[in-house]
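These numbers were taken from a predicted model, which means no experiment stands behind them. In what follows, every heavy atom counts, from backbone to side chain, and hydrogens, waters and symmetry copies are set aside.
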Amino acid sequence: MATATRTPARRPRFAGTARGGGASGSGGGANGAERDTAGALRRAFGRNLTAYGFLCGALICFALFSWYPMIREVVLSFQQNNFVDPGVWVGFDNFRTVIADPAFRSAWLNTAAFSGLALVIGYAVPFVLAVVLNELKHAKAYLRFVVYLPVMLPPAVAVLLFKWFYDPGAGLFNQALGVVHIPPLSWLDSTSTALISLVIVSTWMNLGTGTLIYLAALQSIPGELYESAELDGAGLFRRVWHVTIPQTKLILLVMLLLQIVATMQVFIEPYLLTGGGPENATVTVAYLMYQYAFNFGDFGGGSALGLMLMIVLLIFSTIYLRVSREEDAR
């Protein structure tokens with residue numbers, strides 16, 4: 001007799017259990033994604049920690065040595081302060097005192113004349129020298145080193161070297177003039193030659209930097225343009241006029257603005273060579289600012305002069321930034 005087999009009934013699975021398990025799984029997945037994101041952030045922060053450290057150091061340096069002195073200068077320009085007694089707020093009296101000084105007009109005229117002469121000499125000479133170096137086929141590296149050598153000298157050393165060159169008796173320049181039977185000149189003691197003598201020193205000291213910047217710009221010009229100009233029969237001067245200058249006009253404009261900003265702050269040349277003489281012929285705004293602060297003990301007057309100069313330089317710096325943005329856009 002056959003026995004019937006009973007299959008045990010299966011317990012039904014409730015939909016709620018399945019949904020609950022699914023929710024638990026998705027919750028675990030979300031937590032895992034959050035942990036991965038947090039770990040990625042920690043790793044990225046660890047990789048950039050050194051960069052953040054350098055950035056903080058740069059910001060601290062800027063704050064201490066650039067931003068704080070600028071803010072302090074603005075405050076001091078409206079105070080009578082000798083750093084011994086407490087500062088007294090005097091409003092615009094420092095500006096009135098400085099403007100009434102007879103040396104104020106001479107300082108601005110001399111600064112403008114120095115900048116103009118430096119542009120005529122110190123702006124054109126590096127560009128011409130860069131064009132010549134770019135045309136050479138041999139000894140380029142050696143000549144670049146020779147041109148850049150004056151920049152490696154400390155400015156005080158270079159200026160004192162020229163002080164010997166300008167010596168009225170045994171100076172190198174007067175000795176050279178004597179060879180061709182030209183009477184010696186009072187380079188630094190004459191009002192007609194003192195300022196141009198300072199321009200020559202400044203041009204020689206900064207010649208290498210401008211030359212290398214121009215040379216880098218020239219070497220970025222496609223060679224096909226010069227080859228096409230040569231096929232059309234263009235000589236050196238026509239190639240420079242029709243190819244080199246149009247291709248480098250933006251860097252030429254940027255260098256022009258930078259040179260104006262730099263030359264208007266001229267200080268070390270009159271300080272070490274002429275002391276502002278003869279007859280205030282080489283007094284510049286920066287040197288007059290130094291005299292007010294450290295010779296006369298009038299830090300308020302010196303700060304007022306510095307604020308005026310800073311406003312003028314800010315105008316040129318704004319123009320420079322606009323030109324730089326246009327160059328980057330192109």
>> Looking only at side-chain N and O atoms, does Asn110 offer a donor or acceptor that is under 3.5 Å from a partner on Tyr287?
In response: no
> Near Tyr271 OH, under 6.0 Å, is it more than 12 heavy atoms from other residues, nucleotides or ligands?
Replying inline: no
>> According to a hydrophobic-cluster definition based on side-chain heavy atoms being under 4.5 Å apart (Ile, Leu, Val, Met, Phe, Trp, Tyr only), do Leu143 and Val128 belong together?
In response: no
> Taking side chain as C-beta onward, heavy atoms only, is Leu272 less than 4.5 Å from Lys163?
Replying inline: no
> Once you round to the nearest 0.5 Å, how far does CG of Leu257 lie from CD1 of Ile315?
Replying inline: 12.5 Å
> In terms of hydrophobic clusters joined by side-chain contacts under 4.5 Å, are Ile99 and Leu109 together?
Replying inline: no
>> Tell me if a side-chain donor or acceptor on Tyr123 pairs with a main-chain N or O of Leu252 at a distance below 3.5 Å.
In response: yes
>> For Arg72 versus Asn81, what's the shortest heavy-atom pair and its separation?
In response: NH2-ND2, 4.3 Å
> Can you hop from Leu177 to Val201 via hydrophobic side chains spaced under 4.5 Å?
Replying inline: yes
>> Would you say Trp67 ends up clustered with Leu55 if hydrophobic residues are merged whenever their side chains have heavy atoms under 4.5 Å apart, either directly or through other cluster members?
In response: yes
>> Is it the case that over 12 heavy atoms from other parts of the model lie below 6.0 angstrom from the CZ atom of Phe54?
In response: no
> Roughly how far, to the nearest 0.5 Å, is CD1 of Ile213 from CE of Met255?
Replying inline: 4.0 Å
>> So, using salt bridge (charged side-chain N to carboxylate O under 4.0 Å, His left out) as the criterion, who are the partners of Glu279 when residues are at least two apart?
In response: none
> Mind checking whether Val74 and Met310 have side chains closer than 4.5 Å, heavy atoms only?
Replying inline: yes
> Any donor and acceptor pair, going by atom type alone, linking the side chain of Asp167 with main-chain N or O of Ala170 inside 3.5 Å?
Replying inline: yes
> Going by heavy atoms in the side chains, are Ser202 and Phe114 under 4.5 Å from each other?
Replying inline: yes
> Just by distance, do the side chain of Tyr166 and the backbone of Gly171 share a donor-acceptor pair under 3.5 Å?
Replying inline: no
> Going through the distances and angles, do Tyr148 and Thr211 end up as a side-chain hydrogen bond (donor to acceptor under 3.5 Å, both in side chains)?
Replying inline: CA-CA 8 Å; Tyr148 195 72; Thr211 302; over 6 Å; no
>> Are Val254 and Leu250 packed together at the side-chain level, in the sense that at least one heavy-atom pair is separated by less than 4.5 angstrom?
In response: no
> Can you say whether the rings of Phe294 and Tyr290 are parallel (under 30°), tilted (30 to 60°) or perpendicular (over 60°)?
Replying inline: tilted
> Asp189: what forms a salt bridge (charged side-chain N to carboxylate O under 4.0 Å, His left out) with it, not counting sequence neighbours?
Replying inline: none
>> Tyr226 vs Ile221, test: side-chain contact (heavy atoms from CB on, under 4.5 Å). Steps then yes/no.
In response: CA-CA 9 Å; Tyr226 288 112; Ile221 300 175; 3.5 Å; yes
> Hey, quick one: are Leu161 and Ile196 part of the same hydrophobic cluster, counting side-chain heavy atoms closer than 4.5 Å, chains of contacts allowed?
Replying inline: yes
> Just wondering, do Val147 and Leu212 contact through their side chains at under 4.5 Å, heavy atoms?
Replying inline: no
> Would a distance-only check, ignoring hydrogens and angles, find a side-chain to backbone donor-acceptor pair under 3.5 Å from Gln80 to Val90?
Replying inline: no
>> For the OG1 atom of Thr203 and the CG atom of Leu117, what is their distance to the nearest 0.5 Å?
In response: 9.0 Å
> Who else is in the cluster with Ile71 when I, L, V, M, F, W and Y are joined by side-chain contacts under 4.5 Å?
Replying inline: none
> Looking only at heavy atoms, which two atoms of Arg239 and Ala229 are closest? And how far apart?
Replying inline: CG-CB, 4.0 Å
> Is there side-chain contact between Leu198 and Val266, with at least one heavy-atom pair below 4.5 Å?
Replying inline: no
> How about Trp89: does its CH2 atom have over 12 heavy atoms from other parts shown lying under 6.0 Å from it?
Replying inline: yes
> Do you know which two heavy atoms are closest between Ser197 and Thr193, and how far apart they sit?
Replying inline: OG-O, 2.6 Å
> Aromatic rings Phe104 and Trp108: how do their planes relate, parallel, tilted or perpendicular, breaks at 30° and 60°?
Replying inline: perpendicular
>> side-chain contact (heavy atoms from CB on, under 4.5 Å) for Ile251 and Thr248? Distances and angles first, verdict last.
In response: CA-CA 5 Å; Ile251 192 66; Thr248 57; 3.7 Å; yes
> By the rule that ILVMFWY residues connect when side-chain heavy atoms come within less than 4.5 angstrom, directly or transitively, which residues belong alongside Leu64?
Replying inline: Ile60, Phe65
> If you take all heavy atoms of Pro278 and Ser190, which pair is closest and at what distance?
Replying inline: CG-C, 3.7 Å
>> Counting only heavy atoms from other residues, nucleotides and ligands, does the tally under 6.0 Å from CZ of Phe62 exceed 12?
In response: no
>> Please enumerate all residues that pass side-chain hydrogen bond (donor to acceptor under 3.5 Å, both in side chains) together with Ser106, with sequence neighbours excluded.
In response: none
> If every non-hydrogen atom of Leu288 is compared with every non-hydrogen atom of Ala107, which pair is closest and at what distance?
Replying inline: CD2-CB, 3.9 Å
> Out of curiosity, Met289 CE to Phe299 CZ, how far, rounded to the nearest 0.5 Å?
Replying inline: 12.0 Å
>> Donor-acceptor check, side chain of Asp232 to backbone of Ala234, threshold 3.5 angstrom: yes or no?
In response: no
> Which value, rounded to the nearest 0.5 Å, describes the distance between Leu195 atom CG and Glu269 atom CD?
Replying inline: 10.5 Å
>> How long is the straight-line distance from CG of Leu153 back to CE of Met205, given to the nearest 0.5 Å?
In response: 10.0 Å
> Quick check: does any side chain N or O of Ser77 sit under 3.5 Å from a backbone N or O of Gly300, one acting as donor and the other as acceptor?
Replying inline: no
> How close do Leu307 and Phe95 get, heavy atom to heavy atom, and via which atoms?
Replying inline: CD2-CZ, 3.7 Å
> Would you say the side chain of Trp204 lies within less than 4.5 Å of the side chain of Ile121, judging by non-hydrogen atoms?
Replying inline: no
> Checking Gln265 side chain against Val261 main chain: does a donor-acceptor pair fall under 3.5 Å?
Replying inline: yes
> Between Tyr142 and Phe145, does the ring centre distance come in under 6.0 Å?
Replying inline: no
> Side chain of Thr263, backbone of Ile260: donor and acceptor closer than 3.5 Å?
Replying inline: yes
> Arg96: what forms a salt bridge (charged side-chain N to carboxylate O under 4.0 Å, His left out) with it, not counting sequence neighbours?
Replying inline: Asp93
> Where does the angle between the aromatic ring planes of Tyr214 and Phe127 fall among parallel (under 30°), tilted (30 to 60°) and perpendicular (over 60°)?
Replying inline: perpendicular
>> Do Leu172 and Trp164 make a side-chain contact, defined as non-hydrogen atoms from C-beta onward lying under 4.5 Å apart?
In response: yes
> Any donor-acceptor pair under 3.5 Å linking the side chain of Thr111 with the backbone of Val285?
Replying inline: yes
